[in-house]
Number of protein chains: 2
Amino acid sequence: MAREMIRQGGRTARIQKEVHQATRALLAEIERGELTVPMIAERAGVPPSTIYRRWGDLAQLLADVAVERLRPIADPDDTGTLAGDLDAFVVQYAEEMSSPVGRRLLRDVLADGETDTSATKCCRFTYDHLEVIAGRALCRGEAGFDVGQAIDRVFAPIVYHILFGDRDVGPEFCRQLLTTVEFGGLRAAA
Amino acid sequence: MAREMIRQGGRTARIQKEVHQATRALLAEIERGELTVPMIAERAGVPPSTIYRRWGDLAQLLADVAVERLRPIADPDDTGTLAGDLDAFVVQYAEEMSSPVGRRLLRDVLADGETDTSATKCCRFTYDHLEVIAGRALCRGEAGFDVGQAIDRVFAPIVYHILFGDRDVGPEFCRQLLTTVEFGGLRAAA
DNA sequence: AACGCTAACGCAAATAATTTGCATTTAGTC
DNA sequence: GACTAAATGCAAATTATTTGCGTTAGCGTT
C-alpha cells in the first residue's frame, strides 16, 4: 500500500472495502495479466484516480489485497499434540500456498517493490502462528521448539519450491521436512 | 520472455543485446518504479512497439534481463576441498542476492507471471552449480552430498529471508545453515 | 550466390492507462 | 456545531500500450 491509512471511518473505509472486494471478484474471473486498475475502479464504483491516489499502482493494490487474504482468521487448529498441530499446519500451509491462487498471492506480495512491508507482514503471520503452536506445546508440558529453525527447515523450502516451481510440495515432502526440526529445547533466539 | 526466440542471428540478436544493455544501464541510474518501456526503447534505439512485440510487457523484459544477469559465467571457485567450495559459494550467493541489486533481480524473476520458465531457469543455476561442486568432491575422493537437501537446508532459507526481508543473511548465518547438511552418502534422489 | 518464405521490424494511428489540477465532500478534533 | 486537512470526484492532459500495414532481413533451399 502506498501509505498507512490515516482515516478509519465512513467513506474512506467503505471505499477500501469495495475496492478490495472488486479486486478479489475480478481475480476470480479473469487472468492476472488482464486485470487493470480502471476495471477494478468500475466494478467498485469509484473513479480510477481514487485507486491511483490511495494505492499508487496495480502492484501495490494487489499486494495489499493479498496480505489481507493471507492474514489468518483464527489460531491454528488444536489437535491435542505438538506433532499433530505442526503436521496439520504445515500440510495445510503447503496445500494453500501451492495452489494457483496461493502462488499468485505469494507473488503479488513479493512484487510490491515500494515498501516491503507487505512481505514482512505476510511472513510474520507464519511466525506468529508457529509461536502459538509452540506456546501451546509448552502449556501442555510438551517439549518446545525454535520457531526460527522451523521456518528455516520447513517453511522456507516449501515456499522456495512453490515460488520457483521446481518440484511439488505434497504432504510427504512436508512431513519429511518436519522430521528435521529439533524438539526439546526452550525457545531459543533465531 | 514472451516466446522462445526463433531467429538467432543478425538484427534480431543485435536488438536483443541492445535492449538488454539499455535496461541494465537504466536500472543502474533510476528507480525500478520509474522505469518504462518507452524509456528503454529510446535508449536502445528501437521503437517501443518492438519491445512490446518481443517481450510482452515490462515485467517479462525485466525477468528476461534478470535471468541473464543471474546466469553464472563460470563454474564455482575450486578451493581444493568440498567444505571450502560450499562455504565460498554459499557466502557469495547470499551476499550477491541480499544486495539491493540481487533482491531486485530475484523479485523481477518471480514477478514474471506469464511463464514461470524464468524462475525455474534461475533456480536451476543454483542446482547445477551445486552439482558441479558435488561432482568435484567425488572426484577428489571426498564424501558427496545430496544437492536437493542442500537447496532445502541452505539456499531456501537464505532466499526466504531475502525475499521477505525479515532477517539478515550474513556469513555466520550461512555457515550455521551449512552445518545441517549431511555429507557422506552418494548423491541421492531429491 | 540468388530465391522465396516468413519472422521480425519500423512507423504511425488508435486505444487505453496514468497523472494532475481543482472544486467538493467528509472524517476527526476542538 | 465549526474548523481543518485528508480523501474524493471529475475532467483534462499526459503517457503508455496496442494494432494495422508496408518493409527489411534471417534462414533454408536451390
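Just so it is clear: chains get the letters A, B, ... in the order the sequence lines come, proteins before strands, and each one is counted from 1.
Summarising the geometry, the separation between CG on A/Leu58 and C1' on C/dT19 is reported as 16 Å, rounded to the nearest angstrom. Atom CD1 in A/Ile40 sits about 17 Å away from atom P in C/dA16, given to the nearest Å. Rounded to an integer number of Å, the gap from CD of A/Glu18 to C1' of D/dT8 is 13 Å. Put simply, NZ on A/Lys17 is 15 Å from P on D/dT8, counting in whole angstrom units. If you measure from atom CZ of B/Arg14 to atom P of C/dA8, you get 15 Å, rounded to the nearest angstrom.
Interface residues of residues 25-39 of chain A facing DNA chain C, ordered by number: A/Thr36, A/Val37, A/Pro38; criterion, heavy-atom separation under 4.0 Å.
Separation of the B/Phe155 and B/Tyr127 ring centroids does not fall under the 6.0 Å cut-off. Aromatic rings of B/Tyr93 and B/His129 (six-membered ring for Trp) have centroids beyond the 6.0 Å cut-off, not under it.
Judged as a salt bridge (Lys or Arg N to Asp or Glu O under 4.0 Å), not a single pair has a partner in residues 9-18 of chain B (not counting sequence neighbours).
Cation-pi geometry between B/Arg71 and B/Phe125 is not met: the NZ or CZ atom fails to fall both under 6.0 Å from the ring centre and inside 45° of the normal.
For the pair A/Val37 and A/Asp57, the minimum side-chain heavy-atom distance is 4.5 Å or more.
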Any protein N or O atoms within reach of nucleotides 9-13 of chain D? Criterion: under 3.5 Å, listing atom names and distances.
from: D/dG9; atom 1: OP2; to: A/Thr50; atom 2: OG1; distance (Å): 2.6
from: D/dG9; atom 1: O6; to: A/Arg53; atom 2: NH1; distance (Å): 3.3
from: D/dC10; atom 1: N4; to: A/Ser49; atom 2: OG; distance (Å): 3.2

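In terms of modelled atom types and a separation under 3.5 Å, the side chain of B/Arg107 and the main chain of A/Leu110 share a donor-acceptor contact.
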Open item on the list: Using side chain to side chain contact (heavy atoms under 4.5 Å, CB included), reason through A/Asp108 and A/Val65 one step at a time and then give a plain yes or no.
Closed with: CA-CA 9 Å; A/Asp108 285 345; A/Val65 171; over 6 Å; no

